[in-house]
2 protein chains.
Amino acid sequence: MTQQRRVILEELQKLDSHPTADEVYERARRRLPRISLGTVYRNLEILSECGLIQKLELGGTQKRFDGRVENHCHVRCIRCGCISDVPMAPLTTIENRLRGTSDYEIIGSRLEFIGVCPQCKKEH
Amino acid sequence: MTQQRRVILEELQKLDSHPTADEVYERARRRLPRISLGTVYRNLEILSECGLIQKLELGGTQKRFDGRVENHCHVRCIRCGCISDVPMAPLTTIENRLRGTSDYEIIGSRLEFIGVCPQCKKEH
DNA sequence: TTATATGCAAATGATTTGCGTAGTC
DNA sequence: GACTACGCAAATCATTTGCATATAA
């Protein structure tokens with residue numbers, strides 16, 4: 001657990017904005033000016049493998065990272081691309097229904113909602 | 001509607017494997033050996049804007065394309081990365097429940113299942 | 001000390017774009 | 001004939017990696 005790794009983890013837990021690797025880098029740089037982007041990527045990978053953070057593969061070109069690891073889903077704003085949490089029970093019912101009909105062994109699911117965030121609704 | 005665009009559309013409608021841009025390119029090249037990858041990308045974009053095909057932003061690094069445009073979701077194999085269709089009613093109930101509690105204006109949702117495909121189950 | 005992580009810069013992979021030519025309506 | 005699309009190659013963007021040095025256990 002290096003300084004860099006700790007700072008990255010702390011910044012991620014502090015935020016609820018689901019930042020991209022780049023945004024994490026910018027934040028970490030305020031505390032460790034010499035940190036490199038490569039280090040940020042490497043640590044985001046390691047931390048998500050350890051289950052300390054979550055790597056999100058939602059729509060859009062960049063991956064995003066989440067300091068919250070409990071099972072929850074996300075809404076993405078179609079206008080500005082921002083992401084928020086949605087408190088929602090896991091979809092066990094739907095997964096189980098699929099288990100009955102699919103040839104696949106079902107492990108889990110990923111649910112993302114698409115919408116317009118309050119901010120963008122106002123501006124529109 | 002150029003030859004290239006028609007071939008791309010036809011190949012996509014012929015397949016149910018949810019190919020990447022690259023795979024579409026390989027297939028199209030069998031019929032039009034001089035077609036370029038740039039053209040494939042441009043046409044996949046245009047066709048999906050017209051609603052003739054669907055651009056899928058699922059997990060993984062590459063986008064995938066689907067000749068079927070009706071609302072349906074997908075299972076991704078965690079081992080080999082292949083993608084299959086899942087016949088499933090749209091999640092209107094869940095979306096409506098969210099409409100009651102979220103500040104967002106909910107437009108739609110994207111649901112992807114993760115599992116192991118029959119092929120990979122056998123090999124394991 | 002000894003493995004592991006870092007910073008830097010270069011490499012990779014997917015996708016996009018500029019430009020001059022060719023094809024479609 | 002005018003507009004749009006094409007082929008090609010170079011550019012871009014996110015992410016990954018090789019390597020020599022620095023840090024943590």
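In what follows, chains are A, B, ... by sequence order, proteins preceding strands, each numbered from 1. These numbers were taken from a predicted model, which means no experiment stands behind them.
Taking 4.0 angstrom as the limit, A:Y41 places a side-chain polar atom (N or O) nearer than this to OP1 or OP2 of D:dT15. Dashed line: the shortest gap from a side-chain N or O of A:T39 to OP1 or OP2 of C:dG7 is under 4.0 Å.
Under the ring pair (Phe, Tyr, Trp, His ring centres under 6.0 Å) criterion, A:H18 pairs with A:H74, sequence neighbours left out. For B:S109, the side-chain hydrogen bond (donor to acceptor under 3.5 Å, both in side chains) test picks out B:E95, with sequence neighbours left out. Partners of A:R68 by side-chain contact (heavy atoms from CB on, under 4.5 Å), not counting sequence neighbours, listed by chain and number: A:D16, A:D66, A:E70, A:H72, A:D85. Under the side-chain hydrogen bond (donor to acceptor under 3.5 Å, both in side chains) criterion, B:E26 pairs with B:R29, not counting sequence neighbours. For the side-chain contact (heavy atoms from CB on, under 4.5 Å) test, residues two or more places apart in sequence or in another chain that qualify with B:E105 are A:V116, A:K121.
Computed from coordinates, the B:Y25 OH to C:dT16 P distance equals 16 Å when rounded to whole Å. Counting to the nearest Å, the P atom of D:dT15 and the CD atom of A:E23 are 11 Å from each other. The nearest whole Å value for the distance from the CZ atom in A:R29 to the C1' atom in C:dC8 is 13 Å. If you take CZ of B:F65 and C1' of C:dT15, they are 10 Å apart, rounded to a whole angstrom. As rounded to whole Å, 8 Å separates atom P of C:dA5 from atom CG of A:N43.
One distance of note links SG of B:C120 with OH of A:Y104; it measures 8.5 Å at 0.5 Å rounding. Summarising the geometry, atom CG belonging to A:N71 is positioned 9.0 Å from atom OG1 belonging to A:T92; distances are rounded to the nearest 0.5 Å.
Counting only heavy atoms from C-beta on, A:R5 has its side chain closest to C:dA5 among D:dG7, C:dC8, C:dA5. Here the side chain of B:Q62 is nearest to one of D:dG7, C:dT6, C:dA14, namely C:dA14.
Put simply, the side chain of A:R76 does not reach to within 4.5 Å of the side chain of B:R110, judged on heavy atoms.
As a member of the Ile/Leu/Val/Met/Phe/Trp/Tyr network built from side-chain separations under 4.5 Å, B:Y41 groups with B:V7, B:I8, B:L9, B:L12, B:V24, B:Y25, B:L32, B:I35, B:L37, B:V40, B:L44, B:L47, B:L52, B:I53, B:F65.
Under the 4.5 Å side-chain contact rule for hydrophobic residues, B:I114 and B:L58 do not share a cluster.
From one end of the helix from C:dT1-D:dA25 to C:dC25-D:dG1 to the other, with five pairs defining each end axis, the axis direction shifts by 40° (rounded to 10°).
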What's touching nucleotides 9-11 of chain C from the protein side, N or O pairs under 3.5 Å?
none

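If you find the closest nucleotide of DNA chain C to B:R64 and to A:S36, the one lying nearer the 5' end belongs to A:S36.
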Nucleotide by nucleotide, nucleotides 18-25 of chain D touches protein heavy atoms under 4.0 Å in the pattern (B base, S sugar-phosphate only, - none) B-----SS

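Listed by residue number, the members of residues 8-21 of chain B with any heavy atom below 4.0 angstrom from DNA chain D form an empty set. The stretch residues 44-58 of chain A has no heavy atom under 4.0 angstrom from DNA chain D at all.
Residue pairs meeting the side-chain hydrogen bond (donor to acceptor under 3.5 Å, both in side chains) criterion with at least one partner in residues 53-63 of chain A, sequence neighbours excluded, are A:E45-A:K55.
Listed here is the closest heavy atom pair of A:V75 and A:G115: CG1-N, 4.3 Å. Residue B:C80 comes nearest to B:C77 through the heavy atom pair N-SG, 3.4 Å, listed as atom of the first residue, atom of the second, then distance.
A donor-acceptor pair under 3.5 Å is absent between the side-chain atoms of B:S102 and the main chain of B:R99, judged by distance alone. Panel note: side chain A:E23, backbone A:T20; a donor-acceptor pair is recorded below 3.5 Å.
Using a cutoff of 4.0 Å between basic side-chain nitrogens and carboxylate oxygens, A:E11 and A:R31 are scored as salt-bridged.
Within 4.0 Å (heavy atoms only), A:D22 reaches no atom of the nucleic acid at all.
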